[in-house]
Protein chains: 2
Amino acid sequence: MSISSRFAVGIHILSLIAINKGGVNSSEFIAGSVNTNPVVIRKIMGMLKNAGLVKVRPGIAGAELAKDLSGITLLDVYKAVHVVQEQELFNVHDNPNPACPVGRNIQNTVVPLLLNAQLALEKNLEHVTIEDIIKDIANKEKISKE
Amino acid sequence: MSISSRFAVGIHILSLIAINKGGVNSSEFIAGSVNTNPVVIRKIMGMLKNAGLVKVRPGIAGAELAKDLSGITLLDVYKAVHVVQEQELFNVHDNPNPACPVGRNIQNTVVPLLLNAQLALEKNLEHVTIEDIIKDIANKEKISKE
DNA sequence: TTACCTGTAATCAGGATAATTACATCAAGA
DNA sequence: TCTTGATGTAATTATCCTGATTACAGGTAA
């Protein structure tokens with residue numbers, strides 16, 4: 001099991017739009033940087049648009065950020081691209097045997113614990129913004145030029 | 001995307017073995033409580049055995065815990081049943097374009113952040129033991145009898 | 001020997017992913 | 001207005017994982 005790369009691609013897209021501000025961020029241009037098909041980019045871009053992170057219009061080439069860099073967290077992206085259903089990171093078997101003490105209690109016992117773990121993950125993602133990513137990339141570029 | 005229910009079933013199995021201590025925990029018995037096929041149980045049991053959490057022997061009915069209840073954490077179970085590959089909860093697209101400043105840095109920038117989030121999840125699981133689960137089940141049973 | 005268990009390979013349907021083709025729709029310039 | 005080139009989306013495909021199931025090899029004890 002692995003969380004879809006849509007998430008990482010979403011981060012890539014937003015970072016690229018931010019860094020290439022002024023340039024024309026068409027789906028083909030972005031696909032070239034991500035190294036995938038433009039349709040894949042447009043699909044993910046649609047999700048980012050629905051989440052209010054990005055402005056795109058049919059027929060007009062290019063995309064812009066709809067929010068300030070520092071106002072977009074990785075959690076925003078994660079939720080936007082629907083890589084994990086709400087409260088469903090962990091799958092729990094259903095229909096355990098109600099005639100068994102373990103069977104009839106396991107769900108109520110385990111589900112809150114797993115939700116808690118999922119929450120810990122998501123809280124962590126909330127503390128990083130696209131601005132942080134951009135700064136890190138700029139930093140790495142600077143270092144490599146030295 | 002969803003993390004395989006093997007994890008929840010693994011917890012179920014260990015809890016059942018603990019509570020039914022003294023009884024014969026055959027794969028068929030456990031399957032009856034989980035409500036699945038005995039082969040599914042045996043496969044997961046094999047993983048729990050490889051991880052040193054459980055003792056089972058070919059030909060002999062029943063399984064026992066190989067460790068103390070309080071010494072088995074949810075993280076132990078999670079790792080035992082291989083629901084998430086080491087350091088691969090998040091999938092990152094490969095071969096981004098090295099000719100692009102974002103493309104050539106995105107992996108080195110994003111991977112550590114995602115690993116960090118995965119670690120937050122796993123740390124959380126480490127703080128809960130099978131003993132906690134058993135106590136919670138016992139508690140819920142007691143309440144429901146009142 | 002018989003009966004019953006564990007271990008495991010093989011198969012199957014169902015669902016998700018990522019890539020791709022095809023096409024409808026829209027906007028702007030010649 | 002017509003052409004060009006972009007976005008939006010449906011449909012298809014190969015690949016992979018899951019969970020259930022059948023089948024059978026091998027172990028253990030009465």
Side-chain angles (χ1 to χ4, degrees), chain A residues 1-10 12-13 17 23-51 54-64 66 78 81-85 88-96, chain B residues 1-10 12-13 17 23-51 53-64 66 78 81-85 88-97:
Chain A
M1 193 293 309
S2 221
I3 290 176
S4 166
S5 67
R6 273 205 306 279
F7 181 29
V9 173
H12 189 141
I13 291 174
I17 294 177
V24 177
N25 299 292
S26 67
S27 64
E28 193 163 353
F29 168 74
I30 297 174
S33 173
V34 173
N35 190 23
T36 182
N37 194 290
V39 175
V40 171
I41 299 297
R42 292 205 287 272
K43 220 179 301 186
I44 297 175
M45 193 81 84
M47 297 183 184
L48 298 175
K49 181 184 178 181
N50 284 336
V54 131
K55 282 184 284 188
V56 207
R57 279 172 301 175
I60 301 181
E64 302 169 33
Y78 165 95
V81 296
H82 299 114
V83 282
V84 171
Q85 254 28 45
E88 294 197 0
L89 175 57
F90 292 97
N91 200 350
V92 176
H93 55 297
D94 36 28
N95 308 317
Chain B
M1 196 290 313
S2 222
I3 290 175
S4 167
S5 68
R6 274 204 308 279
F7 180 30
V9 172
H12 188 141
I13 291 175
I17 293 177
V24 177
N25 298 293
S26 67
S27 64
E28 191 163 355
F29 168 75
I30 297 173
S33 172
V34 172
N35 191 25
T36 183
N37 194 290
V39 176
V40 172
I41 299 297
R42 292 204 287 272
K43 219 178 303 185
I44 296 175
M45 193 82 82
M47 296 184 184
L48 297 176
K49 181 184 179 181
N50 284 336
L53 302 181
V54 132
K55 282 184 284 188
V56 208
R57 278 173 302 175
I60 302 180
E64 301 169 34
Y78 164 94
V81 297
H82 300 113
V83 283
V84 171
Q85 255 28 45
E88 293 196 1
L89 175 57
F90 292 95
N91 200 348
V92 175
H93 55 297
D94 35 30
N95 306 318
N97 192 340

For this session: Rounded to the nearest angstrom, tell me the gap between atom CZ in A:Phe90 and atom P in D:dT18.
Result: 14 Å
For this session: Find the distance A:Ile30:CD1 to D:dG8:C1' and express it as a whole number of Å.
Result: 15 Å
Seminar exercise, completed: A:Phe29 atom CZ is separated from D:dT7 atom P, nearest whole Å, by 12 Å
Exercise. Rounded to the nearest Å, what distance is computed from the CD1 atom of residue B:Ile60 to the C1' atom of nucleotide D:dA29?
Worked result: 9 Å
Exercise. Between A:Ser27 and B:Thr36, which is nearer to the 5' end of DNA chain D once each is assigned its nearest nucleotide?
Worked result: A:Ser27
Exercise. Looking at B:Ser26, does any N or O in its side chain come under 4.0 Å of the phosphate oxygens OP1/OP2 on C:dC4?
Worked result: no
Seminar exercise, completed: In terms of heavy-atom contacts, A:Ser5 and B:His93 come closest through CB-N, 3.8 Å
Exercise. With distance as the sole test, does A:Arg6 use its side chain to make a donor-acceptor pair with the main-chain N or O of A:His82 at under 3.5 Å?
Worked result: yes
For this session: State which of C:dT17, D:dT9, D:dG19 makes the closest approach to the side chain of B:Arg6.
Result: D:dG19
Seminar exercise, completed: Among C:dA18, C:dT20, C:dT6, the one nearest any side-chain atom of A:Ser4 is C:dA18
Exercise. Does B:Ser5 make a side-chain N or O approach to OP1 or OP2 of D:dG19 shorter than 4.0 Å?
Worked result: yes
For this session: Would you indicate which nucleotide in D:dT9, D:dG19, D:dA20 comes nearest to any side-chain atom of A:Arg42?
Result: D:dT9
Exercise. Nearest-Å distance, CZ (A:Phe7) to C1' (C:dT17)?
Worked result: 17 Å
Seminar exercise, completed: Rounded to whole Å, CD1 of B:Ile41 lies from P of D:dT21 at a distance of 12 Å
Exercise. D:dA6 C1' sits how many Å from A:Glu64 CD, rounded?
Worked result: 15 Å
Exercise. Counting N and O atoms only, with roles assigned by atom type, does the side chain of A:Ser2 sit under 3.5 Å from a partner on the main chain of B:Glu88, one being a donor and the other an acceptor?
Worked result: yes
For this session: Anything under 30° is parallel, anything over 60° is perpendicular, the rest tilted; go ahead and classify B:Phe7 against B:Tyr78.
Result: perpendicular
Exercise. More 5' along DNA chain D: A:Pro58 or A:Lys43, using each one's nearest nucleotide?
Worked result: A:Pro58
Exercise. C:dA16 P sits how many Å from A:Ile44 CD1, rounded?
Worked result: 17 Å
For this session: Among the candidates D:dG8, D:dA6, C:dT8, find the nucleotide nearest to the side-chain atoms of A:Val56.
Result: D:dG8
Problem set entry | side-chain contact (heavy atoms from CB on, under 4.5 Å) evaluation trace for A:Ile17 with A:Val54 | CA-CA 9 Å; A:Ile17 294 177; A:Val54 131; 4.0 Å; yes
